[in-house]
Amino acid sequence: MNKISSLTLGLLSISALAHAGIGPVCTSGDKNVSLETTREASSNREGDTVLVKLSRPGKVDAYLSVHPLTLQRNAYILNGIGYGIGRGNFKLSLGKINSNHLYPKAKLSYQHEKVAILDGSSPEPELEKFDLSCSMGPEINFENICSTISDQDQLDRLLLKASAQGDIDLAEQMLACGANAKTQNSMGCSPLMLAVSAEGLDCQDPHDIPSLIDPLRWNKGRYIFKMLLEEGAMSASVDEKGQTIVHKVIAQGFDDLISILKEYNAKINIQDTEGLSPLMLAAKNGYAQGVKALVEAGADKSLKNLEGKTAYDLGENLLPQARKLLLNVDSDGIVIQGASTGCSPLRINIPMGVSTKITLKAGPSSTITMVQSKLGINLKATAGTSASQTIRFDGMGTYKFQCGVDGGTQVTGQITFTM
């Protein structure tokens, strides 16, 4: 038997525990709530289920039928998020077990399903949360899983595999055994990247792609993602495409994870092999929430890709209000700097229908003017000062303007109004 097979056998199975009646026993001292695996339920079209009983004072016991395929292999026992069906839904996170077979960080949330009332509406489910003390029972003899792993490379490979497949309990066990949270696979992807990457589409070794589609994959991925961060997985490493964890989070639409990455000092402005920063990627994909999250996190809007385009240029599929966030402006709005040699920038993009402030700043020795008659722009800034004007245009199109030293050399620029 190889090491991986030994590891698999070393992990307790849901069905075996349920059949033997020695599943986790959890109690809440303050509310006298208990949770325990009671017996194996009857089979359904997909196989065996496990019956879990939730007992609460003054309420009828809730029996939750949990199918192994909706969980990780013993995930709700070792460190998972389990979803029951029937009279209610629950999530149980046990965390790491200690030498006394106890889970000191166990938590349970239970959501009772209410039936629809007479008018056909469904009231909001009741959500109850309990801090639990859980034990596996002294009669269980845990195998030392770490002793079945031959070397550091195998630990790291199993952590990568667990992250790619959303295998919560395996990921935690490998970290507990000393796997490197910053390891990378042959494509340069870290466990953190794999936890939030689409199955089979990005970054993954074909051998790590599960044969069945897991409807809870993203919930499990988020759980592993946060667990890895707590274990020091944050780094500025890039994959073979030059992409960071921030690129991966944006590519999968997890804008809510940006603020978490920022707390862990993630580098949010690294550009990949195509010159795309995460902000440019969000703009290119028309991902407004990702744009907003990255702008709020301080992403650089002035960066350009290999074609010389900024995030604003790439954001043609964004709605005007979202695209406006990508304008590279300061407190003075769009700033045009004038000098004896001319004005810069000479290409300005403005969302149509959006009031936008334009500020003309003159250098220390010249008076600068900017004129566009159709748009009503007529700015004049004396040496060392600035002049501003707010414009709005409800159509699309490009309009040329003249800018330069008053009474002297003028250069031609253009203002483009876009969707």
Side-chain angles (χ1 to χ4, degrees), residues 1-11 71-75 78-81 95-96 144-214 216-252 254 257 260-261 264 266-267 270 272-273:
M1 182 180 295
N2 61 35
K3 295 290 185 180
I4 296 180
S5 297
S6 298
L7 172 65
T8 303
L9 290 177
L11 294 171
L71 307 167
Q72 280 308 105
R73 181 178 58 251
N74 76 318
L78 287 180
N79 183 29
I81 303 174
K96 295 180 181 179
N144 182 358
I145 294 175
C146 300
S147 68
T148 68
I149 308 299
S150 60
D151 53 34
Q152 186 66 43
D153 285 343
Q154 188 180 17
L155 276 175
D156 295 346
R157 286 197 304 273
L158 285 170
L159 178 59
L160 289 164
K161 183 182 184 72
S163 300
Q165 294 189 346
D167 194 330
I168 295 172
D169 56 316
L170 180 58
E172 169 139 307
Q173 290 297 332
M174 293 306 96
L175 289 169
C177 292
N180 179 9
K182 295 182 180 180
T183 189
Q184 293 175 273
N185 66 11
S186 60
M187 288 168 277
C189 289
S190 66
L192 205 57
M193 294 179 186
L194 292 170
V196 295
S197 291
E199 295 176 4
L201 297 179
D202 185 29
C203 230
Q204 297 186 28
D205 186 314
H207 296 94
D208 292 341
I209 300 172
S211 57
L212 295 176
I213 297 175
D214 185 350
L216 302 179
R217 171 64 180 85
W218 298 129
N219 288 338
K220 294 172 182 177
R222 287 171 184 270
Y223 190 98
I224 293 175
F225 174 87
K226 294 175 182 178
M227 179 174 65
L228 287 166
L229 284 177
E230 292 174 357
E231 294 293 333
M234 189 66 251
S235 74
S237 62
V238 298
D239 68 0
E240 62 184 6
K241 300 177 183 177
Q243 293 189 339
T244 65
I245 178 58
V246 187
H247 285 93
K248 302 302 181 187
V249 163
I250 286 299
Q252 298 303 324
F254 293 150
L257 299 181
I260 297 175
L261 287 171
Y264 283 86
K267 304 296 184 183
I270 292 179
D272 64 16
T273 54

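- By the side-chain hydrogen bond (donor to acceptor under 3.5 Å, both in side chains) test, Glu230 is found to be paired with no residue, residues two or more places apart in sequence or in another chain being considered.
- In this structure, the side-chain hydrogen bond (donor to acceptor under 3.5 Å, both in side chains) partners of Ser235, at least two apart in sequence or on a different chain, are Ser237.
- Considering only heavy atoms from C-beta on, Gln152 comes within 4.5 Å of Asp156 through its side chain.
- Counting all heavy atoms, side chain and backbone alike, Cys189 lies closest to Asp239 at SG-CB, 3.7 Å.
- The minimum heavy-atom distance between Lys267 and Thr244, with the atom names listed, is O-OG1, 4.2 Å.
- Counting heavy atoms from C-beta on, the side chains of Val238 and Gln243 never come closer than 4.5 Å.
- Considering CG of Asn180 and CE of Met174, their distance stands at 14.0 Å, rounded to 0.5 Å.
- Interatomic distance, CG of Leu192 versus OG of Ser197, reported as 9.5 Å (0.5 Å rounding).
- Gly242 and Thr273 make their closest contact through N-CG2, 4.0 Å (heavy atoms, listed as atom of the first residue, atom of the second, distance).
- Rounded to the nearest 0.5 angstrom, Lys248 NZ and Ile250 CD1 are separated by 12.5 Å.
- If you take CD1 on Ile270 and CD1 on Ile245, they are separated by 12.0 Å, rounding to the nearest 0.5 Å.
- Remark: Ala266 pairs with Met234, Val246, Leu261 by the side-chain contact (heavy atoms from CB on, under 4.5 Å) rule, at least two apart or across chains.
- Here the side chains of Gln184 and Leu160 are not in contact, with every heavy-atom distance at 4.5 Å or above.
- Minimum heavy-atom separation, Met227 to Ala171: CE-CB, 3.7 Å.
- With respect to the salt-bridge test (charged N to carboxylate O, under 4.0 angstrom), the residues Asp167 and Lys220 do not qualify.
- Rounded to the nearest 0.5 angstrom, Arg222 CZ and Leu257 CG are separated by 5.0 Å.
- To the nearest 0.5 Å, atom OH of residue Tyr264 and atom CG of residue Leu228 are 10.5 Å apart.
- Closest approach of Ala181 and Leu159 over heavy atoms only: CA-CD2, 4.0 Å.
- When all heavy atoms of Gly178 and Leu155 are compared, the pair lying nearest together is C-CD1, 4.0 Å.
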